[in-house]
Amino acid sequence: MSPAFAPSALARAAVESDDAPDGGFASDMLEGLRARPRSVPPKYFYDAAGSKLFDRICELEEYYPTRTETALLARHAEAIADCIGPDAELVEFGAGSLRKVRLLLAAMRAPRRYVPIDISAEHLQAEAAALRAEHPALEVAPLAADFTRGVRLPAAASGEAARRVGFFPGSSIGNFTPEEAARFLRQAAQLLQGGGLLIGVDLVKDPAVLHRAYNDAQGVTAAFNKNLLVRANRELGATFALDAFDHYAFYNPVAQRIEMHLVSARSQAVRVAGEFFEFEPGESLHTENSYKYGVEGFRALARGAGFLPGPVWCDDAGLFSVHWLAAPRRAGPKGVRA
Ligand code: AVI
């Protein structure tokens with residue numbers, strides 16, 4: 001989800017994925033290293049080790065988004081369930097640990113099916129099995145896929161299409177550029193016609209709060225950032241020296257985003273998949289953007305994408321927002337239905 005996240009394809013949902021076996025890591029890494037400025041899509045953070053590090057980030061005192069969003073979902077679960085309505089199929093984009101969805105499922109009335117989509121297949125299967133045990137009446141149909149590239153949603157076991165509702169928590173939309181976010185929302189509005197999207201969005205705030213959230217004292221975010229290099233060393237035969245790159249994260253108020261970089265501490269050459277890359281001291285590899293929105297700005301973005309923005313739930317400190325976006329039915333060819 002990034003400087004180079006390309007959610008070009010929810011609407012390609014009916015097209016078979018042509019992903020490389022490594023999910024495109026080698027080609028995206030090489031392309032990003034050849035470019036100036038250098039950048040790599042943040043989706044490659046999330047191998048098994050990266051997913052665990054991200055889970056640790058979510059527990060950090062400095063990283064307010066997870067606990068704030070979770071508290072909002074818990075506090076407003078009934079009102080959210082009213083928006084979702086009965087007999088819905090819930091599709092979660094980038095499902096991760098399936099923690100937050102439990103709050104929704106507990107409040108939803110007769111949910112028909114839950115389709116968690118996540119890039120990490122192993123993690124997803126284990127989490128789905130645990131959820132099935134807790135909700136024996138619920139059809140849980142996990143989908144291991146990079147939803148930013150397009151997914152084929154499985155047909156409902158009942159054969160009957162239910163009202164489809166998307167769930168995209170965690171402000172993962174912040175890892176898209178605004179153009180990518182708009183495209184994702186347009187495609188989601190098409191896919192979810194007749195239902196809606198529940199989406200968590202991190203808010204613009206005091207830069208000092210943001211700085212702390214992405215520069216935690218224990219260095220977990222730094223380890224998460226550097227895990228990209230660990231992964232490249234392991235999977236692409238790269239020769240990144242971990243102590244020769246520094247984690248660097250700052251708030252860019254003009255673009256309203258946190259930028260995360262790995263900055264070369266010295267002059268060095270690195271080999272990646274057989275190709276050499278020179279780094280000067282201070283040269284950066286841009287690894288992630290995390291955009292922050294104002295409530296009205298995000299509603300305008302969603303409206304422009306075809307949604308009808310509904311209720312918004314925010315915490316008292318104005319740190320985080322959860323939006324209900326209704327997806328009206330449109331005339332013409334239907335979006336992607338299983
Ligand atoms: C997944 N995503 C919304 C996180 C964020 O805050 O942008 C990823 C993250 N990067 C550093 N810390 C957390």
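Throughout, residue positions are numbered sequentially from 1 according to the sequence presented. In each ligand, atom 1 is the first atom listed, and ligand 1 is the first ligand listed.
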In a table with atom names and distances, give each donor-acceptor pair under 3.5 Å that connects a side chain of residues 236-247 to protein atoms at least two apart or in another chain.
unit_1 : atom_1 : unit_2 : atom_2 : d
Thr239 : OG1    : Arg271 : N      : 2.8
His247 : ND1    : Asn225 : ND2    : 3.0
His247 : NE2    : Tyr214 : O      : 2.9

Task: Neighbour count >12 (heavy atoms, 6.0 Å) for atom CZ, Arg75 - done: no
Open item on the list: Is it the case that over 12 heavy atoms from other parts of the model lie below 6.0 angstrom from the CD atom of Glu134?
Closed with: yes
Open item on the list: Quick check for you: to the nearest 0.5 Å, what is the distance between Lys226 atom NZ and Leu53 atom CG?
Closed with: 12.5 Å
Task: side-chain hydrogen bond (donor to acceptor under 3.5 Å, both in side chains) pairs, two or more places apart, involving residues 195-206 - done: Tyr64-Asp202, Tyr64-Lys205, Asp202-Lys205, Asp202-Lys292
What are the atom names and distances for all N or O pairs under 3.5 Å between ligand 1 and the protein?
unit_1   : atom_1 : unit_2 : atom_2 : d
ligand 1 : 2 (N)  : Asn175 : OD1    : 2.9
ligand 1 : 6 (O)  : Tyr63  : OH     : 2.5
ligand 1 : 6 (O)  : Tyr214 : OH     : 2.5
ligand 1 : 7 (O)  : Asn175 : ND2    : 3.0
ligand 1 : 7 (O)  : Ser290 : OG     : 2.7
ligand 1 : 10 (N) : Glu288 : OE1    : 2.7
ligand 1 : 10 (N) : Glu288 : OE2    : 3.4

Open item on the list: Per the side-chain hydrogen bond (donor to acceptor under 3.5 Å, both in side chains) rule, what does the pair list look like for residues 254-264, sequence neighbours excluded?
Closed with: Asn252-Glu259, Arg257-Glu259, Arg257-Asn289, Arg257-Tyr291, Glu259-His261, His261-Ser284, Ser264-Gln268
